Protein chains: 2
Amino acid sequence: MLNASDILRGYTDTIILAQLSKGDSYGYVISRSVLEASGGELQLKEATLYTTFRRLEAAGMIESYWGDEQAGARRRYYRLTEAGRRLYEENKADWRRYRAMISALFGMEE
Amino acid sequence: MLNASDILRGYTDTIILAQLSKGDSYGYVISRSVLEASGGELQLKEATLYTTFRRLEAAGMIESYWGDEQAGARRRYYRLTEAGRRLYEENKADWRRYRAMISALFGMEE
DNA sequence: CCGAGATACATTGACAGGAGAGGTATTGCG
DNA sequence: CGCAATACCTCTCCTGTCAATGTATCTCGG
């Protein structure tokens, strides 16, 4: 119970938006950054990562373009749109509220 | 995006465990308590509430018994088991970690 | 030069929790 | 009597996560 999958649900979008708010990036690197930023605790699974990219792009929150690598595997880069940036800010604000609410519901003093 | 359903996922169990940690109670009242404790922000839907009771009871985290109401509708009371109490404590500890981790991933200073 | 591991992207199908919609029954009040 | 409040329950759908699987390129040790 209370496994990472259920906790994650609803947060992946914002986690990716947060990564992109620091500059354009691509799947593999974002996955690594998240792992590092979470102190090795959160591994975004590839299937989750790429379906999330599709979802966010379809919603107009991010845009993608192929990098022009001279060597190595091709990379699909992602960029935040204006709407994506707004969503990111909204989600952060929401999180502040939810965080306090959940703590209260859990019977914790914060 | 980021709707309440997705945020809720993974937390309903602990929310109910928290309510029961204060003493035996039943569905309708728990639903009201949660609504109040969340400042009117979170309405646990009945379908969610009762499926969660089933899940927690099947897992041995809570036990139920019928109250002996002289009048009014029957009430099915729930009680925390020892395992349920332990789970509640674990989930609170997990939440402290997740909360910090998500804030960090969102690019927030906490 | 060959195989293994890292880099990099992508899809399919299964699973599980939340919730809309529908149902039952009792009590009390206007 | 009709309606609101109390109180319980379940069927079915939706959606996000993930295991499994597949592709291709590059690097490095042996």
Side-chain angles (χ1 to χ4, degrees), chain A residues 1-17 19 24-36 42-59 61-62 64-78 91 98 102 105, chain B residues 1-17 19 24-35 38 41-59 61-62 64-78 91 98 102:
Chain A
M1 316 205 121
L2 193 78
N3 68 65
S5 302
D6 288 332
I7 289 299
L8 202 51
R9 195 174 176 121
Y11 299 136
T12 37
D13 288 11
T14 313
I15 289 170
I16 288 174
L17 294 175
Q19 290 296 321
D24 295 12
S25 190
Y26 59 97
Y28 195 80
V29 157
I30 289 176
S31 163
R32 292 314 190 89
S33 301
V34 168
L35 188 63
E36 202 205 346
L42 181 66
Q43 166 77 68
L44 273 190
K45 303 305 168 351
E46 290 189 39
T48 303
L49 188 65
Y50 292 109
T51 53
T52 304
F53 283 143
R54 300 287 158 276
R55 187 169 57 238
L56 287 172
E57 187 158 28
M61 299 302 148
I62 60 177
S64 66
Y65 56 95
W66 288 103
D68 59 338
E69 278 65 52
Q70 314 299 355
R74 67 202 173 139
R75 299 171 181 168
R76 187 200 281 271
Y77 283 84
Y78 294 92
N91 286 1
Y98 282 127
I102 293 167
L105 287 168
Chain B
M1 318 206 116
L2 195 78
N3 67 66
S5 301
D6 288 332
I7 289 299
L8 202 51
R9 194 171 176 124
Y11 298 136
T12 38
D13 288 11
T14 314
I15 289 170
I16 289 174
L17 294 175
Q19 289 297 320
D24 294 12
S25 190
Y26 59 97
Y28 194 79
V29 156
I30 289 177
S31 163
R32 292 313 191 90
S33 301
V34 168
L35 188 63
S38 68
E41 289 211 67
L42 180 66
Q43 166 78 68
L44 275 189
K45 303 304 168 351
E46 289 189 38
T48 302
L49 188 66
Y50 292 109
T51 54
T52 304
F53 283 144
R54 300 287 157 275
R55 187 168 58 238
L56 287 173
E57 188 158 28
M61 299 301 149
I62 60 175
S64 66
Y65 56 93
W66 288 103
D68 59 337
E69 279 64 54
Q70 314 299 357
R74 70 207 171 135
R75 299 171 180 168
R76 187 200 280 271
Y77 284 85
Y78 294 92
N91 287 1
Y98 282 126
I102 293 168

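Side chains are part of it too, since the values below use all heavy atoms of this structure and drop only hydrogens, waters and symmetry mates. The sequence lines fix the lettering, A, B, ..., with proteins before strands; numbering per chain opens at 1. All figures in this text were calculated on a predicted structure; none of them were measured in a lab.
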Out of curiosity, [X] [atom1] to [Y] [atom2], how far, rounded to the nearest 0.5 Å?
{"X": "A/Tyr11", "Y": "B/Asp6", "atom1": "OH", "atom2": "CG", "result": "10.0 Å"}
{"X": "A/Gln19", "Y": "A/Thr14", "atom1": "CD", "atom2": "OG1", "result": "12.0 Å"}
{"X": "A/Ser33", "Y": "A/Ile16", "atom1": "OG", "atom2": "CD1", "result": "11.5 Å"}
{"X": "B/Ile102", "Y": "A/Leu42", "atom1": "CD1", "atom2": "CG", "result": "8.5 Å"}

Starting from [atom2] on [N], measure out to [atom1] on [X] and report it in whole angstrom.
{"X": "B/Phe53", "N": "D/dT10", "atom1": "CZ", "atom2": "P", "answer": "13 Å"}
{"X": "B/Ile30", "N": "D/dT6", "atom1": "CD1", "atom2": "P", "answer": "16 Å"}
{"X": "A/Ile7", "N": "D/dG16", "atom1": "CD1", "atom2": "C1'", "answer": "14 Å"}
{"X": "B/Arg54", "N": "C/dA16", "atom1": "CZ", "atom2": "C1'", "answer": "17 Å"}
{"X": "B/Asp68", "N": "C/dT26", "atom1": "CG", "atom2": "C1'", "answer": "16 Å"}
{"X": "B/Arg55", "N": "C/dC15", "atom1": "CZ", "atom2": "P", "answer": "17 Å"}
{"X": "B/Asp13", "N": "C/dA16", "atom1": "CG", "atom2": "P", "answer": "14 Å"}
{"X": "B/Asp6", "N": "D/dT15", "atom1": "CG", "atom2": "P", "answer": "10 Å"}

> Can you tell which of B/Tyr28, B/Phe53, B/Tyr26 makes a ring-ring contact (aromatic ring centres under 6.0 Å, His included) with B/Tyr77?
Replying inline: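 That would be B/Tyr26.
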
> Do the side-chain N and O atoms of A/Glu57 and A/Ser64 include a donor-acceptor pair separated by under 3.5 angstrom?
Replying inline: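 Indeed, the side chains of A/Glu57 and A/Ser64 share at least one donor-acceptor pair under 3.5 Å.
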
> Is any side-chain heavy atom of B/Thr12 less than 4.5 Å from a side-chain heavy atom of B/Thr51?
Replying inline: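 They are not in contact (no side-chain heavy atoms under 4.5 Å apart), so the answer is no.
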
>> Is the shortest side-chain heavy-atom distance between B/Asp24 and B/Tyr65 below 4.5 Å?
In response: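 Result yes, sub-4.5 Å side-chain heavy-atom pair found.
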
> With respect to the phosphate group of D/dT6, does any side-chain polar atom (N or O) of B/Arg32 fall under 4.0 Å of OP1 or OP2?
Replying inline: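 For D/dT6, OP1 or OP2 has a side-chain N or O of B/Arg32 closer than 4.0 Å.
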
> Has B/Tyr26 got a side-chain N or O lying under 4.0 Å from the OP1 or OP2 atom of D/dA7?
Replying inline: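 Answer yes for this pair, as a side-chain N or O of B/Tyr26 is under 4.0 Å from OP1 or OP2.
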
Pull out every protein N or O sitting under 3.5 Å from an N or O of nucleotides 24-26 of chain D, one pair per line with the distance.
from	atom 1	to	atom 2	distance (Å)
D/dC26	OP1	A/Gly72	N	3.3

> To the side chain of A/Tyr50, which of D/dC9, C/dC9, C/dG17 is closest?
Replying inline: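 Closest nucleotide to the A/Tyr50 side chain: C/dC9.
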
>> From the set D/dC8, D/dG16, C/dA10, return the single nucleotide nearest to any side-chain atom of A/Arg9.
In response: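 Minimum distance to the A/Arg9 side chain belongs to D/dG16.
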
> Okay, side chain of A/Thr48, backbone of A/Leu44: is any donor-acceptor separation there less than 3.5 Å?
Replying inline: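 Flag not set: sc A/Thr48 to bb A/Leu44 has no pair under 3.5 Å.
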
Would you list the protein and nucleotides 19-21 of chain C atom pairs, both N or O, that sit under 3.5 Å from each other?
from	atom 1	to	atom 2	distance (Å)
C/dA19	OP1	B/Ser5	OG	3.1
C/dA19	OP2	B/Thr48	OG1	2.9

